[in-house]
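Remarks on the structure that follows.
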Amino acid sequence: MVVSGVVTYWPSLELLQRLVDVLVTSTDRVLIFANYPMAMGERRQLTALGDGDCIEIFQSDENVGLGRAYNYLLERARSLGADAVFICDQDSVPHAETVSQLTQKFGALSAAGHQVAVVGPRPIGPRRQSTEFKDVRLFRRSREDGSPRVVAADFVISSGSLVALDAFDAVGPFREDFFIDGLDIEWCFRAWHRGYSCWVALDAPMEHRLGRGVLTVPLLRLSVLEQPPSRLYTYVRNQVHMLGMIHVPLRWKLRMLPYIGLQTMIYAMNGRYRRHALVAIGRGFRDGVRLMRTVGRDSAKVDDTIAVSLPRTQNDAKQRE
């Protein structure tokens, strides 16, 4: 059984309804984690998209981050007897056939002897928007499965990915302390470290919006994602934190330090809220170094106890009215 898990944070209701419409017909059940106080009217409109109780909505009164929300949804899916979870957030637009494509790829890879943790689509930037968005870069691994339509990758972006629950049990939960940035990268590196593999289906494109767009230096032909200061802080902090983790490959660590330097240079030259962005990058680097120093030798271990206070479901909310 494949269950879908959606994490939302003050979304466009129209876009969320489109996403749920796709998931209702392509998965056995839809679980929605609202990282904000969702209004009762929104709940009713969303649950009306499915038959019976096939749509469940859980609410946190405050934003607890992607990691905690993903962990909660995966635990809930396990209690329902699911084998895998298609996790998604409001920045992704999967096609009606995306889940079935990923499920087929997952089955073929498993039959070929691979211990699969996750299979994801090929994320691309939105094609019909006035703002330019970058395509998500694919970091391939040398492992092959004999098919040109699927490739092993260092990591798969969490939104739009099909996660095996047996791998989730073996690899451990997503890091809740990462809050939002880099938690999929760290989890996939941990999966590789524990003998699992991560794959991207090249023939399953999915539009995904990264950040606010792109910052460029035309003369140097350089570009980075444009992010608000709060996201710059968590991104830099978490990437520097990972420098001290033994399951994160050296090649990734060597790539990150120059990239953070490049980000700093570009934001210093032409970023919006330049001063705030540079302060956020500096704070993130400082706090990341502090956290890096606390990482033990067995850093691939993550506490398997997921301490998530149960959010209210739509039924709880109805009883409170």
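Given the structure is predicted, the values throughout are model-derived calculations rather than measurements. We count residues from 1, following the sequence as given.
Checked by atom type and distance alone, the side chain of Arg43 pairs as donor or acceptor with a backbone atom of Met38 at under 3.5 Å. Formation of a donor-acceptor pair under 3.5 Å by the Arg194 side chain with backbone atoms of Ala170 is found in this model. A donor-acceptor pair under 3.5 Å is formed between the side chain of Ser197 and the backbone N or O of Gln115. In this structure a side-chain-to-backbone donor-acceptor pair under 3.5 Å is missing from Arg18 to Val93. Put simply, the side chain of Arg68 never gets that close to the backbone of Glu176: no donor and acceptor are under 3.5 Å apart. Using a distance-only test at 3.5 Å, with no hydrogens or angles considered, no donor-acceptor pair links the side chain of Trp192 to the main chain of Pro249. Although no hydrogens or angles enter the test, the distance criterion places no donor-acceptor pair under 3.5 Å between the side chain of Lys253 and the main chain of Gln239.
The residue from Val20, Asp21, Val24 that alone fulfils the side-chain contact (heavy atoms from CB on, under 4.5 Å) condition with Leu46 is Val20. When each of Asn35, Asn238, Leu66, Asp89 is paired with Ile180, the side-chain contact (heavy atoms from CB on, under 4.5 Å) condition holds for Leu66 and for no other. Partner of Leu162 under the side-chain contact (heavy atoms from CB on, under 4.5 Å) criterion, chosen from Asp83, Thr98, Val156, Thr103: Thr103.
Residues Gln101 and His95 bring no donor and acceptor atom of their side chains to less than 3.5 Å of each other. Side chains of Tyr233 and Asp287: a donor-acceptor N/O pair is present below 3.5 angstrom, by distance only.
Under the 4.5 Å side-chain criterion, counting only non-hydrogen atoms from C-beta, Leu109 is in contact with Val116. By the 4.5 Å heavy-atom criterion applied to side chains, Tyr72 and Val64 are not counted as neighbours. A heavy-atom distance below 4.5 Å is found between the side chains of Phe189 and Ile185. With a 4.5 Å cut-off on side-chain heavy atoms, Leu19 and Gln90 do not count as touching. A 4.5 Å side-chain heavy-atom check between Cys88 and Pro94 finds at least one atom pair inside the cut-off. Counting heavy atoms from C-beta on, the side chains of Ile32 and Gln59 never come closer than 4.5 Å.
Val22 and Val119 are not part of a single hydrophobic cluster, where members link through side-chain heavy atoms under 4.5 Å apart. Hydrophobic clustering (side-chain heavy atoms under 4.5 Å, transitive across Ile, Leu, Val, Met, Phe, Trp, Tyr) keeps Leu291 apart from Tyr235. Put simply, Met269 and Val279 are part of two different groups of oily side chains (I, L, V, M, F, W, Y) that touch within less than 4.5 Å, one to the next. When hydrophobic clusters are built by joining Ile, Leu, Val, Met, Phe, Trp and Tyr residues whose side-chain heavy atoms come closer than 4.5 Å, directly or via intermediates, Val248 is grouped together with Phe178.
Taking CZ from Arg237 and CZ from Arg283, the interatomic distance works out to 9.5 Å, rounded to the nearest 0.5 Å. Taken from CE in Met206 to OG in Ser161, the straight-line distance is 8.5 Å, to the nearest 0.5 Å. Remark: Leu73 CG to Glu56 CD distance equals 10.0 Å, nearest 0.5 Å. Note that CG of Leu278 and OG1 of Thr264 are 7.0 Å apart. Values are rounded to the nearest 0.5 Å. From Cys188, atom SG reaches atom NE2 of His193 across 14.5 Å, with rounding to the nearest 0.5 Å. Put simply, OH on Tyr36 and OH on Tyr9 are 11.0 Å apart, with the number rounded to the nearest 0.5 Å.
Aromatic rings of Phe58 and Phe33 (six-membered ring for Trp) have centroids beyond the 6.0 Å cut-off, not under it. The aromatic ring centres of His114 and Trp199 sit less than 6.0 Å apart.
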**Request:** Output, in order, the C-alpha distance, side-chain angles, deciding distance and verdict of side-chain contact (heavy atoms from CB on, under 4.5 Å) for Glu186 and His241.
**Result:** CA-CA 10 Å; Glu186 188 278 332; His241 187 183; over 6 Å; no
**Item:** side-chain contact (heavy atoms from CB on, under 4.5 Å) evaluation trace for Asp28 with Leu80
**Value:** CA-CA 10 Å; Asp28 296 291; Leu80 294 171; over 6 Å; no
**Prompt:** Should Ile87 and Val7 be marked as a side-chain contact (heavy atoms from CB on, under 4.5 Å) after you check the CA-CA gap, both sets of side-chain angles, and the distance that decides it?
**Reply:** CA-CA 8 Å; Ile87 57 178; Val7 180; over 6 Å; no
**Message:** Assess the residue pair Asp203 and Arg122 against the criterion (salt bridge (charged side-chain N to carboxylate O under 4.0 Å, His left out)); give the C-alpha distance rounded to whole Å, side-chain angles, the decisive distance to 0.1 Å, and a yes or no.
**Reply:** CA-CA 7 Å; Asp203 56 354; Arg122 176 171 60 88; over 6 Å; no
**Prompt:** Is there a ring-ring contact (aromatic ring centres under 6.0 Å, His included) between Phe155 and Trp252 once you walk through the steps?
**Reply:** CA-CA 11 Å; Phe155 63 90; Trp252 182 260; 5.5 Å; yes
**Request:** Walk me through it: do Leu102 and Val2 pass the test side-chain contact (heavy atoms from CB on, under 4.5 Å)?
**Result:** CA-CA 11 Å; Leu102 299 183; Val2 176; over 6 Å; no
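Residue Trp10 comes nearest to Pro37 through the heavy atom pair CZ2-CD, 3.9 Å, listed as atom of the first residue, atom of the second, then distance. Pairing each heavy atom of Asp184 with each of Ser158, the nearest pair is OD2-N, 3.0 Å. Closest non-hydrogen pair, Phe106 versus Ala164, comes out as CZ-CB, 3.3 Å. Nearest heavy atom pair, residue Lys105 against residue Ala201, reads CG-CB, 4.1 Å. Val85 and Ser4 make their closest contact through CG1-C, 4.4 Å (heavy atoms, listed as atom of the first residue, atom of the second, distance). Annotation for Ala280 and Leu232: closest pair CB-CB, 4.3 Å, computed over non-hydrogen atoms.
Under a cut-off of 6.0 angstrom, the local environment of CZ in Arg293 is sparse, with at most 12 non-hydrogen atoms contributed by other residues, nucleotides or ligands.
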